[in-house]
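Throughout, a chain's letter reflects where its sequence line sits, starting with A, and its residues are numbered from 1.
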Amino acid sequence: MPELPEVEVTKQSLSPMLLGTTISGVHVGKPLRWPLGVDPKTLVGQTIVGVRRRGKYLLFDLDAGLLLLHLGMSGSVSVSQQWPGPLGPYDHFELQTTSCWMRLNDPRRFGAAVFAPSENSPQAHKLLGHLGVEPLEAGFTSDYFAAGLAKRAGAIKQVLLGGDVVVGVGNIYASEALFMAGIRPTRGAKRIGRVRINKLHQAIQTVLVRAIALGGSSLRDFKHTNGEHGLFQANSQVYGREGQACTQCQAPIKRIVQGQRATYFCATCQR
DNA sequence: AGGTTGACCTGTCAGC
DNA sequence: TGCTGACAGGTCAACC
């Protein structure tokens, strides 16, 4: 999915429903990417005192510990205040609280629900420890971004996806931000001039903020907690538009593969 | 140490 | 209609 905007939109809708409620039941379905790491029963009785996002992880602060949810490629979360019926074949994790049910539905099972005793525990550190700065927080300055890119010889698209310089920029928004900044996805990160780095820094924030406002993208099966699809898809400038005319210059959009992932760009507008 | 590749798992869609 | 292969939002571990 689930890039930063989708996770952020999910967090925003989950938060008011879950905050302050107490877990009364936990159901674990088929194995996800990682095991929960604790007997589900130990979560019962704990109150959800915080709902946060870090990169593409949803974090639920409990009285004693932290629950991390990742949506992988195909995950989505639903919450409802009435019993949503029996678990479906792809509902692999469910939290029942004193006022609602929350389910993680994930056909491909690349997602995960993991318990960590604290944010500083090894369990949490393994997943969160290497993450770069949040693109929409104050730490993401263009100076920081330029310093991060200066150390990286690899293609800028793959550095963005790596998540150790800046988190949350996934395959769709990496293509979109690079188009907005006029930078070719294959360009070595350290070979981008400062003026263009500033443009990319701005483009990443613009693309993400816009996507959040539109409710996240919805290329396939992403759904919000209320079951509605996002609207970003209709706003895509390059992603998924191979062969179609560039919105700036009319040249056909190209598709290449980098690191086994599809990249879309305009060979005229992006250098 | 940074860069690259494979693996995880299953649904959908295009093409024959 | 049915089968096969390509492809899909992510990210870690294991290599060079």
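In this structure, the CG atom of A:L104 is 14 Å from the C1' atom of B:dC9, given to the nearest Å. Computed from coordinates, the A:H92 NE2 to B:dC8 C1' distance equals 13 Å when rounded to whole Å. A:L131 has its CG atom 14 Å from the P atom of C:dG10, to the nearest Å. For the pair A:R33 CZ and B:dC8 P, the interatomic distance rounds to 11 Å; values are reported in whole Å. Distance, A:K30 NZ to B:dT10 C1': 9 Å, rounded to whole Å. Between the C1' atom of C:dT11 and the CG atom of A:L69 lies a distance of 16 Å, rounded to the nearest Å. Between the C1' atom of B:dT4 and the NZ atom of A:K157 lies a distance of 14 Å, rounded to the nearest Å. The CD atom of A:E242 sits 10 Å away from the P atom of C:dA8 (whole-angstrom rounding).
One N or O on the side chain of A:R241 and one on the backbone of A:Q237 form a donor-acceptor pair closer than 3.5 Å. Judged by distance alone, the side chain of A:Y264 and the main-chain N or O of A:E176 form no donor-acceptor pair under 3.5 Å. With hydrogens and angles ignored, the 3.5 Å screen pairs a side-chain donor or acceptor of A:Q270 with a backbone N or O of A:L178. Checking side-chain atoms of A:E3 against main-chain N and O of A:Y173 turns up a donor-acceptor pair under 3.5 Å. When atom types are taken as modelled, the side chain of A:R255 and the backbone of A:G240 share no donor-acceptor pair closer than 3.5 angstrom. Remark: the backbone N or O of A:V51 is not paired with any side-chain donor or acceptor of A:S15 at under 3.5 angstrom.
Distance from the side chain of A:Y90 is smallest to B:dT10 among B:dT10, C:dT11, B:dC9. Comparing C:dA8, B:dT10, B:dG2 by their nearest atom to the side chain of A:Y264 picks out C:dA8.
Cluster note: A:W101 groups with A:W83 through ILVMFWY side-chain heavy atoms spaced under 4.5 Å, whether in direct contact or through intervening members.
Across every non-hydrogen atom of A:I253 and A:C266, the tightest pair is CD1-CB, 4.0 Å.
Of the residues in residues 254-262 of chain A, those with a non-hydrogen atom less than 4.0 angstrom from any atom of DNA chain C are A:R255, A:R261, A:A262.
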Strand DNA chain B as a dot-bracket string - pairs counted if Watson-Crick or G-U with both distances under 3.5 Å, | where the partner lies in another strand: .|||||||.|||||||
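For C:dG10, the OP1/OP2 oxygens have no side-chain nitrogen or oxygen of A:H70 closer than 4.0 Å. Phosphate proximity of B:dG2 to A:R152: absent, as no side-chain N or O sits under 4.0 Å from OP1 or OP2. In this model, the phosphate group of C:dC12 is approached by a side-chain N or O of A:H130 to a distance below 4.0 Å at OP1 or OP2.
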Which donor-acceptor pairs under 3.5 Å do the side chains of residues 22-34 of chain A make with protein atoms, sequence neighbours left out?
residue: A:T22; atom: OG1; partner: A:T47; partner atom: OG1; Å: 2.9
residue: A:S24; atom: OG; partner: A:Q96; partner atom: O; Å: 3.2

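In the model, A:S142 has a side-chain atom that pairs as donor or acceptor with a side-chain atom of A:R194 under 3.5 Å.
With the nearest nucleotide of DNA chain C identified for both A:K126 and A:R108, A:R108 has the one nearer the 5' end.
With centroids closer than 5.5 Å and planes inclined by less than 30 degrees as the test, A:F110 and the base of B:dC8 pass as a stacked pair.
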Distances under 3.5 Å only, N/O to N/O: pair up the protein atoms with those of nucleotides 14-16 of chain C.
none

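For A:F140, the ring-ring contact (aromatic ring centres under 6.0 Å, His included) partners two or more places apart in sequence, or in a different chain, are A:F145, A:H201.
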Audit row: A:E6, A:L71, side chain to side chain contact (heavy atoms under 4.5 Å, CB included) steps and yes/no: CA-CA 10 Å; A:E6 291 77 12; A:L71 305 184; 5.8 Å; no
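C:dA6 and B:dG6 have their P atoms separated by 15 Å, with the value rounded to a whole Å.
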